[in-house]
Amino acid sequence: MASAEETTVPETRPIDSTRFKEFQISKAGLSGLQISSKDPASPHSQFYIDTSLFLPSKKDITIHAGASAKGRTLGDVDLKNFSGHYTIELGDPNVEPVVLEELDRVKGWSSRHQFEFAFGGRERDVFLWRHRGRDLAENRDDLELLVEDEEREEEDEVLAVYEAKGGEHGWKSKGRLLIKEGGGEQWELMVILTAMALIVSKRREQ
């Protein structure tokens, strides 16, 4: 029998998409992904995700600026053998000192992961990725990123949403990612990398 954690999650809330930047995710080649902003005129509107899950000499996930792996390296993820603990590097370790961050599974939850970061001009806070909807058994693919109100006095603030079936590229589509505006370039990069860590590790487990 599935545990309560595996079957019940908070109800999905509507997203005000006018305050969110939308990225389409599509398959590129055998193992790559392209992430493209719906607004191609905006800076950092396109990224390429290079996945290399079976080569020890390469990071499991690397994000590049632009449409291919030839673009500048912006960061990477080490999936730690899919143990639920992921190490994230922001920057290119081959040319500059990188910023190390971590994404960890929440204790007692197999479907929740959290990380610390700064959104815009705020102080560092804890952000939580969790599945959307009431019934986890029916929706194991969609995710939302939020700041929880631990005292439950206010509604949790949603800062990003991943919709597995929200893409517009037919059979190549791998969904869409909505990221709240105002967090800054490093914030958007951190959201993309943590989302890719969860998406890629789930795909590997299947």
Side-chain angles (χ1 to χ4, degrees), residues 9-25 33 35-39 41-47 49 61-65 72-79 84-92 96-107 109 111-133 142-164 166 175-201:
V9 293
E11 181 179 4
T12 300
R13 293 180 295 283
I15 297 298
D16 179 4
S17 60
T18 62
R19 297 165 49 207
F20 284 69
K21 184 181 295 186
E22 179 177 345
F23 293 91
Q24 290 288 320
I25 305 172
L33 295 169
I35 302 178
S36 303
S37 171
K38 290 282 285 185
D39 180 8
S42 67
H44 301 283
S45 62
Q46 193 167 34
F47 305 95
I49 302 294
I61 299 171
T62 304
I63 185 169
H64 299 270
R72 180 168 59 94
T73 298
L74 302 176
D76 58 60
V77 184
D78 183 351
L79 297 179
H85 171 81
Y86 312 122
T87 300
I88 296 166
E89 292 182 332
L90 299 179
D92 185 347
E96 61 186 350
V98 298
V99 177
L100 291 178
E101 301 288 352
E102 294 182 342
L103 174 68
D104 286 296
R105 180 181 295 143
V106 177
K107 185 176 181 180
W109 292 83
S111 61
R112 295 189 176 194
H113 295 76
Q114 64 185 20
F115 64 89
E116 290 188 12
F117 209 75
F119 178 88
R122 303 180 188 179
E123 296 182 356
R124 285 177 69 91
D125 207 340
V126 176
F127 300 93
L128 176 73
W129 277 112
R130 72 184 183 192
H131 291 276
R132 304 185 75 202
D142 293 351
L143 300 166
E144 63 181 1
L145 178 69
L146 50 85
V147 177
E148 285 189 309
D149 178 20
E150 296 181 355
E151 297 180 358
R152 299 302 179 194
E153 295 180 354
E154 298 182 2
E155 191 172 4
D156 297 335
E157 180 182 8
V158 177
L159 298 173
V161 172
Y162 168 70
E163 297 176 341
R176 70 170 183 165
L177 183 63
L178 304 174
I179 303 178
K180 187 172 183 178
E181 297 179 349
E185 293 177 4
Q186 290 296 293
W187 159 257
E188 291 184 2
L189 185 60
M190 185 67 177
V191 173
I192 292 172
L193 282 171
T194 54
M196 289 299 103
L198 299 178
I199 294 167
V200 171
S201 60

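You'll find the side chain of Arg132 reaches within 4.5 Å of the side chain of Val161, heavy atoms only. Under the 4.5 Å side-chain criterion, counting only non-hydrogen atoms from C-beta, Glu22 is in contact with Leu178. Contact of the Lys180 side chain with the Leu145 side chain is not registered, since no non-hydrogen atoms from C-beta on lie closer than 4.5 Å. Side-chain contact between Ile35 and Leu177 is absent, with no heavy atoms from C-beta onward closer than 4.5 Å. Here the side chains of Phe127 and Val191 are not in contact, with every heavy-atom distance at 4.5 Å or above. Arg130 places a side-chain heavy atom less than 4.5 Å from the side chain of Asp156. Contact annotation: the side chain of Asp142 never approaches that of His131 to less than 4.5 Å [non-hydrogen atoms, C-beta and beyond]. With contacts defined as side-chain heavy-atom distances shorter than 4.5 Å, the pair Leu90/Gln186 qualifies.
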Practice item. Take Met196 and Val77, measure what side chain to side chain contact (heavy atoms under 4.5 Å, CB included) needs, and give me the verdict at the end. Key: CA-CA 9 Å; Met196 289 299 103; Val77 184; 6.0 Å; no

Practice item. Starting from the C-alpha separation in whole Å, work towards a yes-or-no answer on side chain to side chain contact (heavy atoms under 4.5 Å, CB included) for Glu116 and Val126. Key: CA-CA 4 Å; Glu116 290 188 12; Val126 176; 3.9 Å; yes

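The structure places CD of Gln114 at 12.0 Å from OG1 of Thr194, a figure rounded to the nearest 0.5 Å. The OG atom of Ser201 sits 8.5 Å away from the CZ atom of Arg105 when rounded to the nearest 0.5 Å. Of the inter-residue distances, the one linking Ile192 atom CD1 with Phe47 atom CZ reads 4.5 Å to the nearest 0.5 angstrom. Note that CG of Asp125 and CZ of Phe117 are 12.5 Å apart. Values are rounded to the nearest 0.5 Å. Rounding to the nearest 0.5 Å places CH2 of Trp129 at 10.0 Å from OH of Tyr162. For the atom pair OG1 of Thr62 and CG of Leu193, the computed distance is 9.0 Å after rounding to the nearest 0.5 Å.
When each of Glu188, Lys21, Gln46 is checked for a side chain to side chain contact (heavy atoms under 4.5 Å, CB included) with Ser37, only Lys21 meets the rule. The side chain to side chain contact (heavy atoms under 4.5 Å, CB included) test with Asp78 singles out one residue from Thr87, Ile88, Ile61, and that residue is Thr87.
Shown here for Phe115 and Leu103, the closest heavy-atom pair between the two residues is CD2-CD1, 3.9 Å. Shortest non-hydrogen contact noted between Phe20 and Ala160 is CE2-N, 4.0 Å. Counting all heavy atoms, side chain and backbone alike, Val99 lies closest to Glu101 at CG1-OE2, 3.6 Å.
Salt bridge Glu163/Arg176: present, at least one basic N to carboxylate O contact under 4.0 Å.
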